[in-house]
Structure formats: structure tokens, C-alpha cells
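Have a look at the structure below, then the notes.
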Amino acid sequence: MEFTIRTVNDHQELENAINLLGTVFPEEQLFFQNRLEKEPAYSFNTTWIAEKEGDMASVVQIFPFSIWVSGVEVKTAGIGNVATHPDYRGHRLTHRILEEIEQKLLEQQYGLSNLFTGIPGFYEKAGWQTVNQPIPIIKAGHMKQVWDAAFPGGKLDIQTVTKNDLESIRAIYEAFSTTLNGSRIRSEEYWKKQIENENENDYFQKAVRDDIVLSYIRAEKKSDVLTIHELCSLDGEKESMVTLVLSLLDPQIKTVRCLLPMNHFILKDVPYDIEENREGMWKIIDQDEVLQQFQSVFEKRGSHLGMDHLQLSFLEDSWLFSWANGNTELKQSEFLHYLMRGADEIPDRHSMIKELFPESSYIFWSKDRF
């Protein structure tokens, strides 16, 4: 069966693609339309389809952005809204579209690609790799008990974030997130779209003292669960984040889900359980681009370890670290995992690699998912 793989040409084809998504998934078509409206980089070239004789059989959408990794800005392509009509399954259409997309991403020098899925095995066949992002689960009563004793604190005003706060919120986000591997670099236009598209159950609030915004929270309440999607503060004002969380702990809230970096301030000294989250997957698209971007990072780290003239190179499916007195090799999967999360648990043969990949705070903020 012959299929044509290409990007959509006009609004009608885009609407047909959204209709297909609404047919395959339980969400209404408006859900997918709203998702696109939040993305300032969207264009017709970011929606790919497979068609046969005018029938749209499959769709995959790209979400272009950049992330921070070890202070380096890495051009990244998110993959989302992936669907194939039931009548056309069994023809590897999604994988064929992904192969076409990857060639285009190589031409455009994308270093990385990521996606979120409940079927990781499907994407592992196409080269994506899971990077675990655990979710701490806290009992609200325990949280209040610890914080009431530790943070008697001063008075802060808790207010809803508005468009007038955009500059302050954006500055807090950048100061807080630049050092977090995987966090998205957000443009002013992106922030405007996020503020405009808050849902009914969402809370976007700020802590203020003397007219200065100290911190902000993006959270969601459903039944007796508070989910914290994002929580950032100015340097030196971390305790204000505690006040923000406490302001949302109504009596009916029993559980707090923290979609936060594992070393986040509010997790300190609070007992929690872990909910495993293996939905996030990553893939290195352009090895040459990644090599060029991170060569200086590893040279600097190596110089402190006596690894003179350290060079990074890519050989088929592995990364080679060579220096004046030795070398070591990492598989592609090891390199990607260490790059994001650090090499905190590694075999003895990688003793120096552990120093080259220090333990890192990793987060892809849930509000940036697609």
C-alpha cells in the first residue's frame, strides 16, 4: 500500500489532522487545538501526515524549542500528538513519519528530541531512551506539621498572576531554571500564551513583599489532590515558596504531588513516597551538533581532574573520551542519561566519568509537555 509522507499545506489539512487526533484519542478536538495555540513556534511545517489517495492515515506533530543542559542552550524538537487511524494500522506509518522527520531535523541541526508516552517500547525501537523523572508524593498533614515548626515566617501577600507580572515571573523562572538540565527556554510570547490559557482548575499565584514578586506557583487541584506543576523563587527567597504551597492546602487536600526537581527546596526534610514516572524519553538527533556544543564543557571539567587535552568524539553508537593519559568509552544510552541526570551510579571503569558528569538536577516542567 503506497503512502505519501509530507507536512500539511493549509488550514483545512491541519483541521483534518486535529479531527484525526480527536478520533483516535478520548480528548475532544478542542484539546489539541488549544495545545497548538500555546506554541509560538507552530507552523504548517510542524505537522506531518501520511496519506493515501487523499485519505489522512497518520499524523505526528513537532514542537520546536530549546532547553538548558549544563548551561548550554540545546535546540530540541518535541514529538507529540501521534496518531494513526484504526483503518491504517499495521503499516509502520508512525515510524516512517518519524524517520522522515529525523532527516529534516538533522538538516536543521537539532541536537535533541523528546516525547512523552505510556508505550515506551514503541519508541525505543526508533531510538528514544527513557530518562526517569520521579514524582514525590507527600501527605498534606505531614507537610503542614514540618513547615509550621520550621517556617513561622513573616507576612507575604498571595495574589493571582496577571499579564502585568510577566516580566517578573519570567525573570524568576530564568534565574531558577537555567541550572536545571532539561528545562525549557521560554520566550516572552510563549509566556503570554501560557497566561492566557490557564484552565479552570489551575492556580497561577505569586508571593509578594513590598510590591516585589518573590516566587510563583503553578498548581492544580482535583478532588483531594494538589499537583504542583511549577514552583520557582528568587535567590534568597526560597521560604516564600512554602507560603505559596500552604496557601493552597485547603482542608480537603490530603495528598500533594510534586512535579519538581528532586533537590527542590520544599522537599527538604519532608517525608515523601516516590511515584515512578518513565514517560519522558529523549534521543540525540545530531551527534556532531551535541559534540560541538559540549566539547568545551567537558574540557573545562577534565582540566580540573588532570585530564589534559580531553577530546570528545562519536564512534558509531558510542562516545569516546580521550585525554593525554587515557580514554574511556560510553554507549549512546549511557551518555544521554549521564548528560541529563549525572553519573551518580556507575561501574568502576567509569570512575573519572563520574567526575565529568556530576550529579545534576533534572526537570522538564510539566506545563511544557505536549
Side-chain angles (χ1 to χ4, degrees), residues 38-39 63 65-80 111-117 120 128-138 169-187 190-191 194 202-204 215-220 226-235 237-238 240-242 244-245 256-268 270 272-284 294 297 335-345 357-370:
K38 291 184 179 182
E39 292 294 334
F63 298 85
F65 51 87
S66 292
I67 63 170
W68 283 296
V69 180
S70 298
V72 176
E73 297 185 13
V74 184
K75 193 175 180 181
T76 304
I79 303 294
L112 297 172
S113 176
N114 76 325
L115 55 85
F116 296 87
T117 181
W128 271 268
Q129 175 192 339
T130 298
V131 177
N132 189 27
Q133 187 174 310
I135 300 174
I137 308 296
I138 307 173
I169 297 299
R170 186 180 177 191
I172 291 173
Y173 172 82
E174 291 183 357
F176 194 92
S177 295
T178 303
T179 59
L180 301 175
N181 288 349
S183 56
R184 179 169 175 165
I185 299 172
R186 299 172 176 170
S187 66
Y190 176 84
W191 270 112
Q194 289 287 305
D202 288 346
Y203 293 81
F204 195 171
S215 58
Y216 74 86
I217 188 171
R218 301 176 76 182
E220 178 183 15
L226 173 69
T227 299
I228 302 176
H229 291 284
E230 204 164 306
L231 184 55
C232 302
S233 73
L234 293 172
D235 289 342
E237 298 292 349
K238 293 180 180 180
S240 67
M241 295 188 289
V242 172
L244 278 170
V245 177
V256 181
R257 299 178 72 246
C258 301
L259 308 184
L260 303 170
M262 290 302 297
N263 68 341
H264 197 283
F265 178 76
I266 71 159
L267 300 176
K268 182 181 179 182
V270 177
Y272 56 79
D273 296 320
I274 287 293
E275 175 185 310
E276 291 298 328
N277 175 20
R278 300 184 179 277
E279 296 179 343
M281 304 189 77
W282 293 84
K283 183 178 182 178
I284 296 177
F294 287 95
V297 172
F335 178 86
L336 180 55
H337 182 88
Y338 297 167
L339 188 65
M340 288 295 181
R341 296 191 60 100
D344 51 332
E345 296 180 4
F357 293 90
E359 185 175 356
S360 302
S361 296
Y362 166 75
I363 188 71
F364 189 92
W365 296 108
S366 56
K367 284 295 185 180
D368 290 332
R369 289 179 55 161
F370 31 82

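As a basis for the values below, the full set of heavy atoms in this structure was taken, side chains included, without hydrogen atoms, waters or symmetry mates.
- The residue from V256, L260, L267, I228 that alone fulfils the side-chain contact (heavy atoms from CB on, under 4.5 Å) condition with P136 is L267.
- Here the side chain of N181 pairs a donor or acceptor atom with the backbone of L339 at under 3.5 angstrom.
- Contact check on D202 versus K367 returns a salt bridge, with a Lys/Arg side-chain nitrogen under 4.0 Å from an Asp/Glu carboxylate oxygen.
- Proximity of Y272 to C258: side-chain heavy atoms (C-beta onward) are nowhere separated by under 4.5 Å.
- Using modelled atom types, one side-chain atom of S113 and one backbone atom of A77 make a donor-acceptor pair closer than 3.5 Å.
- Ring geometry for W282 against F364 counts as perpendicular: the plane angle is over 60°, on a 0 to 90° scale with 30° as the lower cut.
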Report task. Give the C-alpha distance, both sets of side-chain angles, the deciding distance and a yes or no for ring-ring contact (aromatic ring centres under 6.0 Å, His included) between F116 and F370. Result -> CA-CA 8 Å; F116 296 87; F370 31 82; 5.7 Å; yes
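- T179 places no side-chain N or O within 3.5 Å of a backbone atom of S177 that could act as its donor or acceptor partner.
- Contacts of K283 classified as salt bridge (charged side-chain N to carboxylate O under 4.0 Å, His left out), with partners at least two apart in sequence or in another chain: E102.
- Of the listed residues (L259, V242, L244), just one forms a side-chain contact (heavy atoms from CB on, under 4.5 Å) with L231, and that residue is L244.
- Ring-plane geometry between H264 and F176 is classed as tilted, the angle between the planes lying from 30 to 60 degrees on a 0 to 90 degree scale.
- Looking at residues two or more places apart in sequence or on another chain, you find a salt bridge (charged side-chain N to carboxylate O under 4.0 Å, His left out) between E230 and R186, R218.
- Between Y362 and L180 the shortest side-chain heavy-atom distance does not fall below 4.5 Å.
- Using the six-membered ring where Trp is involved, W68 and Y173 have ring planes that are tilted, between 30° and 60° apart.
- Listed by chain and number, the residues in a side chain to side chain donor-acceptor pair (under 3.5 Å) with S240 are S215 (sequence neighbours excluded).
- In this structure, the salt bridge (charged side-chain N to carboxylate O under 4.0 Å, His left out) partners of E275, at least two apart in sequence or on a different chain, are R257.
- Looking at residues two or more places apart in sequence or on another chain, you find no salt bridge (charged side-chain N to carboxylate O under 4.0 Å, His left out) involving E359.
- Scored by the side chain to side chain donor-acceptor pair (under 3.5 Å) test, N277 finds no partners at all (sequence neighbours excluded).
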